Amino acid sequence: MVKTDQAELDAKKKAAEEKAKLPKPYDPKADAEKDIQNLIAKAKKEKKNIMIQAGGNWCIWCLRFNQYVKTTPELKKLVDDNYIYYHLNYSPENKNEKIFAKYGDPGTKFGYPVFIVLDQNGKMIHVQQSDVLEEGKGYSLEKVKEFFNVWSPRS
């Protein structure tokens with residue numbers, strides 16, 4: 001048996017502490033199918049696209065992305081002006097298999113978080129893997145901004 005190196009243990013502990021502090025936006029009990037139907041009606045009325053961030057409260061990168069967007073004023077404004085935002089849960093308690101199958105199971109392909117962009121009629125127009133938006137231990141402001149701008153209904 002290989003002895004785990006102290007730096008790795010420290011890194012895991014630090015990640016667990018960070019995860020504990022971050023908001024948990026995913027609801028395993030949510031009826032995602034019904035929620036998304038309601039979002040489509042709202043998106044039509046507000047002429048916005050729907051941004052589905054798929055992942056779970058178990059996923060540190062999912063929580064980091066959520067926190068990053070909510071606490072970065074220009075990203076928050078970009079999202080609020082152009083999208084109805086939804087956190088689609090994927091966890092052992094609720095894998096939302098029917099919904100994921102409808103969008104081609106992108107989490108299986110790309111990991112989490114994965115972003116599914118729908119137009120105001122609920123038609124899937126893009127799937128975005130998240131690793132290309134990363135920079136260091138977080139996300140790149142420029143890359144995230146570009147992603148939100150490219151798929152906004154006004155582009």
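Remember, it's a predicted structure, so these values are computed and weren't measured experimentally. Every heavy atom of this structure was used, including side-chain atoms; hydrogens, water molecules and symmetry mates were not. The chain is numbered in sequence order, starting from 1.
- In this structure, the side chain of Asp105 does not engage the main chain of Thr108 through any donor-acceptor pair within 3.5 Å.
- Closest non-hydrogen pair, Leu63 versus Pro23, comes out as CD2-O, 3.5 Å.
- The salt bridge (Lys or Arg N to Asp or Glu O under 4.0 Å) contacts involving residues 20-33 comprise Glu33-Lys98, where partners must be two or more places apart or lie in separate chains.
- For the disulfide bond (SG atoms under 2.5 Å apart) condition, the pairs that include at least one residue of residues 44-91, sequence neighbours left out, are Cys59-Cys62.
- By the side-chain contact (heavy atoms from CB on, under 4.5 Å) test, Ala43 is found to be paired with Ile50, Ile84, Gln120, residues two or more places apart in sequence or in another chain being considered.
- Between Ile52 and Ile36 the shortest side-chain heavy-atom distance falls below 4.5 Å.
- The line from CG of Asn149 to CG of Asn82 is 7.5 Å long, rounded to the nearest 0.5 Å.
- Under the rule for a ring-ring contact (aromatic ring centres under 6.0 Å, His included), the partners of Phe115 that lie at least two apart in sequence or sit in another chain are Phe65, Phe147.
- Here the closest non-hydrogen pair linking Ile40 and Gly122 is CD1-CA, 3.6 Å.
- With sequence neighbours left out, Lys76 forms a side-chain contact (heavy atoms from CB on, under 4.5 Å) with Asp80.
- Scored by the ring-ring contact (aromatic ring centres under 6.0 Å, His included) test, Phe148 finds Tyr83 as partners (sequence neighbours excluded).
- Asn94 places a side-chain N or O within 3.5 Å of a backbone atom of Pro28 that can act as its donor or acceptor partner.
- Here the closest non-hydrogen pair linking Ile99 and Ala32 is CD1-C, 3.9 Å.
- Around atom CD of Glu93, more than 12 heavy atoms belonging to other residues, nucleotides or ligands sit under 6.0 Å away.
- Judged as a salt bridge (Lys or Arg N to Asp or Glu O under 4.0 Å), not a single pair has a partner in residues 122-141 (not counting sequence neighbours).
- One finds the CD atom of Gln67 at 10.5 Å from the CD1 atom of Ile60 (value rounded to the nearest 0.5 Å).
- Gln53 and Tyr85 are linked by a side-chain donor-acceptor pair at a separation below 3.5 angstrom, with hydrogens and angles left out of the test.
- At distances below 3.5 Å, at least one donor-acceptor pair connects side-chain atoms of Asn49 with backbone N or O atoms of Trp151.
- Screening residues 9-46 for ring pair (Phe, Tyr, Trp, His ring centres under 6.0 Å), with sequence neighbours left out, gives Tyr26-His87.
- Applying the disulfide bond (SG atoms under 2.5 Å apart) rule to pairs touching residues 63-152 yields nothing, sequence neighbours excluded.
- Nearest heavy atom pair, residue Asn89 against residue Phe100, reads O-CE1, 3.7 Å.
- Taking every heavy atom of both residues into account, Asn121 and Lys44 meet most closely at OD1-CE, 3.3 Å.
- Using modelled atom types and a 3.5 Å distance limit, the side chains of Asn96 and Tyr90 yield no donor-acceptor pair.
- In this structure a side-chain-to-backbone donor-acceptor pair under 3.5 Å is missing from Lys48 to Pro153.
- Donor-acceptor pairing under 3.5 Å is lacking for the side chains of Ser140 and Glu142.
- One distance of note links CG of Leu75 with CG of Leu141; it measures 5.0 Å at 0.5 Å rounding.
- Residues in residues 21-54 take part in no disulfide bond (SG atoms under 2.5 Å apart) pair, two or more places apart or across chains.
- Looking at heavy atoms from C-beta onward, Lys145 lies in side-chain contact with Leu78 at the 4.5 angstrom threshold.
- Applying the salt bridge (Lys or Arg N to Asp or Glu O under 4.0 Å) test to Glu97 and every residue at least two apart in sequence or in another chain returns nothing.
- Using a 4.5 Å cut-off on side-chain heavy atoms (C-beta onward), Val127 and Met124 make contact.
- The stretch residues 78-107 participates, sequence neighbours left out, in no disulfide bond (SG atoms under 2.5 Å apart) pair at all.
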* **Residue pair Glu8, Lys12: steps toward the salt bridge (Lys or Arg N to Asp or Glu O under 4.0 Å) verdict** => CA-CA 6 Å; Glu8 195 179 315; Lys12 281 182 178 169; 3.6 Å; yes
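- Of all the heavy atoms in Leu133 and Lys143, the pair that sits closest is CD2-O, 3.7 Å.
- Judged by distance alone, with hydrogens and angles left aside, the side-chain atoms of Thr72 form no donor-acceptor pair with the main-chain N or O of Val69 at under 3.5 Å.
- Summarising the geometry, atom CD belonging to Gln6 is positioned 9.5 Å from atom NZ belonging to Lys13; distances are rounded to the nearest 0.5 Å.
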